[in-house]
Protein chains: 2
Amino acid sequence: MAQQHDTFTIGEVAARTGLSVHALRYYERQDLLVGPVGRTSGGRRAYTAVDVEWLHHCVKLRESGMPLADLTRLAALVRRGPGNEGERLEILEEHLRRVKAQIRALEDSRALIEWKVDVYSDQLRAGSAVGLWDPTRGDDGPPD
Amino acid sequence: MAQQHDTFTIGEVAARTGLSVHALRYYERQDLLVGPVGRTSGGRRAYTAVDVEWLHHCVKLRESGMPLADLTRLAALVRRGPGNEGERLEILEEHLRRVKAQIRALEDSRALIEWKVDVYSDQLRAGSAVGLWDPTRGDDGPPD
DNA sequence: CCTTGATCTAGAGTCCGCTCTAGATCCTAG
DNA sequence: CTAGGATCTAGAGCGGACTCTAGATCAAGG
């Protein structure tokens, strides 16, 4: 029942990473694995724990919006081995800047939406039928 | 020089909203304006200040990841006039939940990336050639 | 009047990130 | 041995959000 799990089938990796088997094969075609995936005698993919771990990183970075192309570049650097940490760092730092900017943008939006939601709620509570965003009346933005 | 600006050309609106003129026409086709855009005698679009303001809202909501389809729904509700604030509220609140979740996810990612960046920097500073994500050695994640 | 640039419409094309299909092969339980 | 499910490859298809093209029209300056 419990295997050694020195390797994993594509289905197991899918279950562990949340990626679909289709996506896993696609990622491989896009060269974003750090090395060629092993194969069983029968030709099936046999992922190692390292592969799975790398894929977990990929998932995390994708979740924060890193494009596959960047992941591919990063994988290429890792594949080439030590000595290019500076380049890897650049990719990560640039991505970090984007993530921070995205967080700021989202927080701005959150403020706007919360304000809108508040106004709608107040209007509903007051039984007022005069909505915001009434194109015939105009509308004030939040006091920022 | 300075016009009345009771209306705006599509180019002016593009400049003001950051959307391309193509995108503006596309948005119109997707029915996400709160009313039909006026036209000049010559057939050109003449946006009102209200249109522009609505488009600003759209941009904000898009920036926070609201799909065009939701914007279209919202526009339809606004177009129908007062009386459906509850439905508008639902759309906004659902979006707000997504935005909050997205902020949380991004902050998690930020922590991970910052940690990675730190480790790379340390390694570079130390002159160490042994990189993280060395597929031949395995790699520990951050202590979460 | 004429040129130049902005705008018009309809529809095709692009990019991203998958997702799905078809037809073949492999593996495991009964 | 057989049936069923998981996997394989190559390649087509898709949804979202634009972006671009072609060919025509409109508008303002010289």
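Just so it is clear, the structure is predicted and the values come from calculations on it, not from any experiment. Order of the sequence lines sets the chain letters (A, B, ...), proteins ahead of strands, with each chain counted from 1. Only heavy atoms go into these numbers, but all of them, side chains included; no hydrogens, no water, no symmetry mates.
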Legend entry - Contact letters for nucleotides 23-30 of chain C, in which S counts primed atoms plus P, OP1 and OP2 and B counts the base, heavy atoms under 4.0 Å: --BBS---
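- The shortest side-chain heavy-atom distance between B:E85 and B:L89 does not fall under the 4.5 Å cut-off.
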Please list, for nucleotides 16-18 of chain D, all pairs of protein and nucleotide N/O atoms separated by less than 3.5 Å.
from, atom 1, to, atom 2, distance (Å)
D:dA17, OP2, B:L68, N, 3.3
D:dC18, OP2, B:Y27, OH, 2.8
D:dC18, OP2, B:R62, NE, 3.3

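- Taking atom CD on A:Q30 and atom P on C:dT19, their separation rounds to 13 Å, with Å as the unit.
- Of the N and O atoms on the side chains of A:H56 and A:T17, not one donor lies less than 3.5 Å from an acceptor on the other residue.
- The side-chain heavy atoms of B:E90 and A:Y120, taken from C-beta on, include no pair separated by under 4.5 Å.
- Spacing between atom CD of A:E63 and atom P of C:dG17 amounts to 14 Å, rounded to whole angstrom units.
- Put simply, OH on B:Y47 is 12 Å from C1' on C:dC8, counting in whole angstrom units.
- Residue B:R39 contributes atom CZ, which lies 19 Å from atom P of C:dA6 at whole-angstrom precision.
- Between B:I10 atom CD1 and D:dT25 atom C1' there is a gap of 15 Å when expressed in whole angstrom units.
- At least one side-chain heavy atom of B:Y47 sits less than 4.5 Å from a side-chain heavy atom of B:L55.
- Paired with B:S64 under the rule side chain to side chain contact (heavy atoms under 4.5 Å, CB included), one option of A:L112, A:L106, A:D108 passes, and it is A:L106.
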Legend entry - Trace of the side chain to side chain contact (heavy atoms under 4.5 Å, CB included) decision for B:L19 with B:Y26: CA-CA 10 Å; B:L19 296 164; B:Y26 173 71; over 6 Å; no
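- Counting only heavy atoms from C-beta outward, the side chains of A:Y27 and A:L68 approach each other to under 4.5 Å.
- When the side-chain nitrogen and oxygen atoms of A:R25 are compared with OP1 and OP2 of D:dG11, none of them lie within a distance under 4.0 Å.
- At whole-Å resolution of the value, CD in A:E28 and C1' in D:dT9 are 11 Å apart.
- Listed by chain and residue number, B:L77, B:R80, B:E87, B:R88 satisfy the side-chain contact (heavy atoms from CB on, under 4.5 Å) test with B:N84 (two or more places apart in sequence, or in another chain).
- Judged purely by distance below 3.5 Å, without hydrogens or angles, the side chains of B:D118 and B:S121 never pair a donor atom with an acceptor atom.
- Across the protein-nucleic acid pair, A:L71 atom CG and C:dC16 atom P stand 14 Å apart, rounded to whole Å.
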